[in-house]
Q: 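Would you mind keeping the following structure in view while I ask a few things?
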Amino acid sequence: MSGLLRFCGLTFDARIPGTGPVGVPAIAVPASVALLPLACFAHELLRARRVRAHHRGVLDMVGRRSARWRATVLDHDTPAAYCLPGRRPRIVVSAGALKLLSPAQLESVLEHERAHIAGRHHLALAATDAFARVFRWLPLAREAKAQTALLLEMAADDRALRRHPREALVSALYAMAAGRAPGGTFSVSGPDAVVRLRRMLEARRRPHPALRGVVVAAAVAVPLLPPLLGCAPGMG
């Protein structure tokens with residue numbers, strides 16, 4: 001950091017703005033914009049953690065552990081499957097899902113839920129929830145919340161498809177599309193099931209390696225543009 005500041009032309013004996021009446025708001029406003037989403041993110045994590053802890057307590061009373069499927073089974077006729085992420089993750093399936101799905105279908109559904117847990121998708125969802133709560137007047141914030149949830153489901157689908165046949169996951173998702181899950185959980189079914197089904201059924205070509213390289217390079221370069229532009233005077 002010291003070398004970067006000197007490279008940008010800011011030496012340690014230079015006067016840093018922020019002590020005058022104009023400098024205080026100049027620092028406080030950007031700091032508030034950065035700290036408020038972080039505080040809301042922490043609040044979302046704690047709130048979701050309390051909800052999941054309460055739900056785990058209910059599962060301990062009404063569910064039964066299945067060593068075969070490594071999941072908690074609920075005696076409910078509606079086919080459903082979801083996971084509770086966090087420090088003590090848990091996958092839950094209903095008795096209706098066990099009766100409806102074949103072993104191959106059930107394995108693909110469980111792999112989908114394991115992908116949510118392994119990828120810590122609840123952290124990304126909490127971040128977009130916090131962003132949408134703080135900047136609720138921005139269309140981008142509202143859209144990011146909805147699209148992030150869909151993209152996380154697609155990411156879990158992709159991991160399940162790498163280990164199980166496409167037909168197994170597609171047929172299982174179709175059979176369980178009407179199922180619902182409690183708040184704070186990730187469910188294999190849901191309101192975006194039709195979009196995910198269409199995506200999995202369509203023949204897709206993998207992008208060219210050169211295109212993927214350009215996308216990765218752009219993703220790395222874009223965040224570096226502001227510091228580089230700010231250091232332009234020091235480069236001269």
Q: How close do Arg52 and Gly86 get, heavy atom to heavy atom, and via which atoms?
A: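 So the two residues come closest at NH2-CA, 4.5 Å.
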Q: Give a yes-or-no answer on whether the side chains of His112 and Glu153 include a donor-acceptor pair shorter than 3.5 Å.
A: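 There is such a pair between these side chains.
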Q: Nearest 0.5 Å, please: how far is CZ in Phe131 from NZ in Lys145?
A: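 It comes to 12.5 Å.
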Q: May I ask you to decide whether Asp157 forms a salt bridge with Arg162, counting only side-chain N to carboxylate O separations under 4.0 Å?
A: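 No.
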Q: Name all residues meeting the side-chain contact (heavy atoms from CB on, under 4.5 Å) criterion together with Glu107; count only those two or more places apart in sequence or in a different chain, and write none if there are none.
A: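 Partners of Glu107 by the side-chain contact (heavy atoms from CB on, under 4.5 Å) criterion, ordered by chain and then number, come out as Trp69, Arg114, His164.
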Q: Could I get the full list of side-chain contact (heavy atoms from CB on, under 4.5 Å) partners for Val62, not counting sequence neighbours?
A: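 Expected list: Val58, Leu74.
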Q: Which pairs with one or both residues in residues 73-89 pass salt bridge (charged side-chain N to carboxylate O under 4.0 Å, His left out), sequence neighbours excluded?
A: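 Checked against salt bridge (charged side-chain N to carboxylate O under 4.0 Å, His left out) - neighbours excluded - the pairs reaching residues 73-89 are Arg64-Asp75.
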Q: Nearest 0.5 Å please: distance from the CE atom of Met176 over to the CG atom of Leu173.
A: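 These two atoms lie 8.5 Å from each other.
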Q: Before giving the answer on side-chain contact (heavy atoms from CB on, under 4.5 Å), spell out for Asp158 and Arg199 the whole-Å C-alpha distance, their side-chain angles and the decisive distance to 0.1 Å.
A: CA-CA 10 Å; Asp158 290 343; Arg199 175 177 178 266; 2.9 Å; yes
Q: Does Leu140 share a hydrophobic cluster with Val134, counting links as ILVMFWY side-chain heavy atoms below 4.5 Å and allowing steps through other members?
A: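 No, Leu140 and Val134 fall in different hydrophobic clusters.
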Q: For the CG atom of Asp129 and the CG atom of Leu125, what is their distance to the nearest 0.5 Å?
A: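 Rounded to the nearest 0.5 Å, the CG-CG separation comes to 4.5 Å.
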Q: List for me each residue that meets side chain to side chain donor-acceptor pair (under 3.5 Å) alongside Arg90, sequence neighbours excluded, and say none if there are none.
A: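 By the side chain to side chain donor-acceptor pair (under 3.5 Å) rule, Arg90 matches Asp60.
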Q: Given Leu84, which of Ile91, Leu59, Thr72 fulfils the side chain to side chain contact (heavy atoms under 4.5 Å, CB included) condition?
A: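 It is Leu59; the other options fail the test.
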Q: Got a sec, which pairs hit salt bridge (charged side-chain N to carboxylate O under 4.0 Å, His left out) with one end in residues 95-106, sequence neighbours left out?
A: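 Listed once each, the pairs would be none.
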Q: Could you tell me which residues satisfy side-chain contact (heavy atoms from CB on, under 4.5 Å) with Leu150, sequence neighbours excluded, listed by chain and number?
A: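 Here the qualifying residues are Gln147, Met154, Asp192, Val195, Arg196.
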Q: Any idea how His116 and His121 line up, ring-wise: parallel (<30°), tilted (30 to 60°), or perpendicular (>60°)?
A: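 If you compare the ring of His116 with that of His121, the planes turn out perpendicular.
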Q: So which heavy atom on Ala141 is nearest to which on Ala132, and how close?
A: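 Shortest heavy-atom separation between Ala141 and Ala132 comes out as O-CB, 3.6 Å.
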Q: Among pairs that include at least one residue of residues 35-49, which meet side-chain hydrogen bond (donor to acceptor under 3.5 Å, both in side chains), considering only residues two or more places apart or in two chains?
A: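 Non-adjacent pairs meeting side-chain hydrogen bond (donor to acceptor under 3.5 Å, both in side chains): Glu44-Arg47, Glu44-Arg133.
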Q: So which atom in Ala81 and which in Val109 form the shortest heavy-atom distance, rounded to 0.1 Å?
A: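 Heavy atoms of Ala81 and Val109 come nearest at CB-CG1, 3.5 Å.
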Q: On a heavy-atom basis, which atom in Ala160 and which in Ser108 lie closest, and how many Å separate them?
A: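 Taking every non-hydrogen atom into account, CB-O, 3.7 Å.
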Q: If the condition is side chain to side chain donor-acceptor pair (under 3.5 Å), which residues does Arg159 pass it with, not counting sequence neighbours?
A: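 If we apply the side chain to side chain donor-acceptor pair (under 3.5 Å) test to Arg159, skipping adjacent residues, the hits are Glu111.
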Q: Quick one: CG on Leu169 to CZ on Arg163, what's the gap to the nearest 0.5 Å?
A: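 Output value for this atom pair is 13.5 Å.
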Q: If you count every heavy atom of other residues, nucleotides or ligands that lies below 6.0 Å from Arg70 atom CZ, does the total exceed 12?
A: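 No, the 6.0 Å shell around CZ holds no more than 12 heavy atoms from other groups.
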Q: Which pair of non-hydrogen atoms, one from Val93 and one from Leu110, has the smallest distance, and what is that distance?
A: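 That closest heavy-atom pairing would be CG1-CD2, 3.7 Å.
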Q: Specify the closest pair of heavy atoms between Ala104 and Ala168, including all atoms of both residues, with the distance to one decimal.
A: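 In terms of heavy atoms, the two residues are closest at O-CB, 3.9 Å.
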Q: Run the side-chain contact (heavy atoms from CB on, under 4.5 Å) test against Leu45 and tell me which residues pass, sequence neighbours left out.
A: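 With sequence neighbours excluded, Leu45 shows a side-chain contact (heavy atoms from CB on, under 4.5 Å) to Phe41, Leu123, Ala126, given in chain and number order.
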Q: Could you tell me which residues satisfy side chain to side chain donor-acceptor pair (under 3.5 Å) with Ser171, sequence neighbours excluded, listed by chain and number?
A: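 Once residues adjacent in sequence are excluded, the partners of Ser171 under the side chain to side chain donor-acceptor pair (under 3.5 Å) criterion are Gln105.
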Q: To the nearest 0.5 Å, how far apart are CG in Leu98 and NE2 in His76?
A: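 Here the interatomic distance stands at 13.5 Å.
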